[in-house]
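FYI, side chains are in, hydrogens and waters are out, and symmetry mates aren't considered; it's all heavy atoms of this structure. Convention: sequence-line order gives letters A, B, ...; per-chain numbering from 1.
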Number of protein chains: 2
Amino acid sequence: MISEEEYLQQYNINHYTTPLCSVDVVIFRLHNQQLQVLTCARKQHPHIGQLGLPGGFIDIDQDKDLDATAHRKLHEKTGMRAPYLEQVGTVGNPQRDPRGWSVTVIYYALLPGTDIQQQTEDVRWCNIIGDSVTEQLAFDHNHLISQALERLRNKIQYTSLPVYLLPEEFTLADIRDVFAAILKKAPPMRSIRNRFLHEDLLEDTGKKRYGSNRPAALYRLKKTAKAHFYNRLYHTTQQE
Amino acid sequence: MISEEEYLQQYNINHYTTPLCSVDVVIFRLHNQQLQVLTCARKQHPHIGQLGLPGGFIDIDQDKDLDATAHRKLHEKTGMRAPYLEQVGTVGNPQRDPRGWSVTVIYYALLPGTDIQQQTEDVRWCNIIGDSVTEQLAFDHNHLISQALERLRNKIQYTSLPVYLLPEEFTLADIRDVFAAILKKAPPMRSIRNRFLHEDLLEDTGKKRYGSNRPAALYRLKKTAKAHFYNRLYHTTQQE
DNA sequence: TCAATAGTGTCTATCAGACAATATCGG
DNA sequence: CCGATATTGTCTGATAGACACTATTGA
């Protein structure tokens, strides 16, 4: 029996058959009331040229942990730091990648909403229709989007996540519109109001948004605010 | 530029530096009102001889997906199929394994409670004290237990999971005791009763458990019952 | 009978939601 | 003024929980 020192000295991961291991990030944003996911054209085999999620292999030298890998992928494609990033889960099987048994850790991120067309370089924002995007993505990326979306649809019902999809200043009706965009239905304004104003979560900017109606108060997330968890679900927005 | 066929033909995962990838399972049970986790002595380097979670590498030839790996590990160590198994998340960093950057997918399982000592072969049931076991486990396995336990502590507050830690027939007071064992506090019996009997989840066996007091009705999970999600938390058991 | 635990009745608190009433803008 | 949307007031319903009361066993 050899010692642990000797074992580690001799150990070479490349002598073993291990699965591929990657990280994929589902980046959501709202664009003109439409929920979108960022995709980019693949520059390498397999599925070269096809759209896919930002993601790929862990950089053994650079990434200090899995979250760092996800942050890095996000930053490479958007140049931004996301106000919300969360791990969804991990899928692994021999079919999802033609190179063999492969494992990928799924993250999702929420970016502040925007009405501005930017459409930079090689990235493309795809509309969410149903439970994924309509484009045929590389690997099982359509399915990964479904999983992230399912988490998002559940989680907005008992957390303050909707505000992370909005610009810095927003009205309560904007929150309702986030629900409508993501769930195709929204809780009544009374309920949204009760919830989001009751907690010490938002602050009134004092500013108003004007239209041809009574102006709406503009709120902003408090600097100290963390993602907030409520202890009930809405009734009107539950899936059955 | 080569074709995808050529690329795949030439592709050999062993030419790349990829992280280690494993699955670890945190198997919970209740034993005499004490929450326990199954550990086993490691038979190989690294940390040979030390206690660790059941788990290890994916069997590329045998496992059809990650869940299958988790089920296999569970079955190898317990000879049982768990009534509840769920993926918790995935951790990865260069420190957790002396062989290098490593990723592990954490699962947890709930086994029916038992008062019987079995203590077979090489496995050992460790008591949960605080947020992990007191034994010093291999790798970061104490920390993996904490993560699984945190999920369990949250999830029993809005689901029917407590029943998966009980034997086939149980009383409502047994459910309360599950809460007490896991959270060190329990919701009032009135609330447990309201919740578990209101849904179409349990059925009365007609049998009673006798003691030196009024006998308690024995219930059983309906065959058709899936894990049930309630839409509120208990108030008295929330962490703050 | 008593001790002990099971189970019920009833009232309160919290919060989602229905719905009506009122407020404030542009035009 | 009117139409539109914001905001408030008030009542109802669901359900957790407090608490007192009743039920049923063994000793």
How many Å lie between CG on B/N231 and P on C/dA16, as a whole number?
-> 11 Å
Report yes or no: does B/Q87 contribute a side-chain atom to a donor-acceptor pair with the main-chain N or O of B/V105 at less than 3.5 Å?
-> no
Hey, are A/H31 and A/Q36 close enough side-chain-wise for a donor-acceptor pair under 3.5 Å?
-> no
Under 3.5 Å donor-acceptor pairs involving side-chain atoms of residues 215-225 of chain A, not counting sequence neighbours:
unit_1: A/R220; atom_1: NE; unit_2: A/E203; atom_2: OE2; d: 3.1
unit_1: A/K222; atom_1: NZ; unit_2: A/D200; atom_2: OD1; d: 2.5
unit_1: A/K222; atom_1: NZ; unit_2: A/D200; atom_2: OD2; d: 3.4
unit_1: A/K223; atom_1: NZ; unit_2: A/E203; atom_2: OE2; d: 2.9

B/D174 CG to C/dT5 C1', in whole Å, measures 13 Å
Once you round it to whole Å, what is the distance between C1' of D/dG9 and NE2 of A/H198?
-> 16 Å
Residue B/Y234, side-chain heavy atoms: nucleotide from D/dT7, D/dA6, D/dG17 that is nearest | D/dG17
A/R195 near the nucleic acid: base, sugar-phosphate alone, or nothing, with a heavy-atom cut-off under 4.0 Å?
-> sugar-phosphate
Whole-Å distance between C/dT5 C1' and B/D177 CG?
-> 12 Å
Atom-pair distance (CG on A/L233; P on D/dG13), nearest Å | 21 Å
B/D122/B/K77 ion pair, N-O < 4.0 Å = yes
Taking the side chain of B/P187 as its heavy atoms from C-beta onward, which of D/dG17, C/dG7, D/dG13 lies nearest to it?
-> D/dG17
Whole-Å gap separating P (D/dT5) and CD1 (A/I192) = 16 Å
Looking only at heavy atoms, what is the nearest atom pair of A/L53 and A/H141, with distance?
-> N-ND1, 2.9 Å
Protein proximity profile, nucleotides 18-27 of chain D - base contact B, sugar-phosphate-only contact S, no contact -, cut-off 4.0 Å on heavy atoms | BB---BBBS-
B/L218 CG to C/dG7 P, straight-line distance once rounded to whole Å = 9 Å
Which comes earlier along DNA chain D counting from the 5' end, the contact point of B/N194 or that of A/L197, where each point is its nearest nucleotide?
-> A/L197
Between B/A217 and A/S191, just flag the one whose closest nucleotide in DNA chain C comes earlier from the 5' side.
-> B/A217
A/A70 versus A/V25, closest heavy-atom pair with distance | O-CG2, 3.9 Å
To the nearest Å, how far apart are A/F179 CZ and C/dA16 P?
-> 11 Å
State plainly whether the residues A/E199 and A/R195 are in salt-bridge range, i.e. N to O under 4.0 Å.
-> no
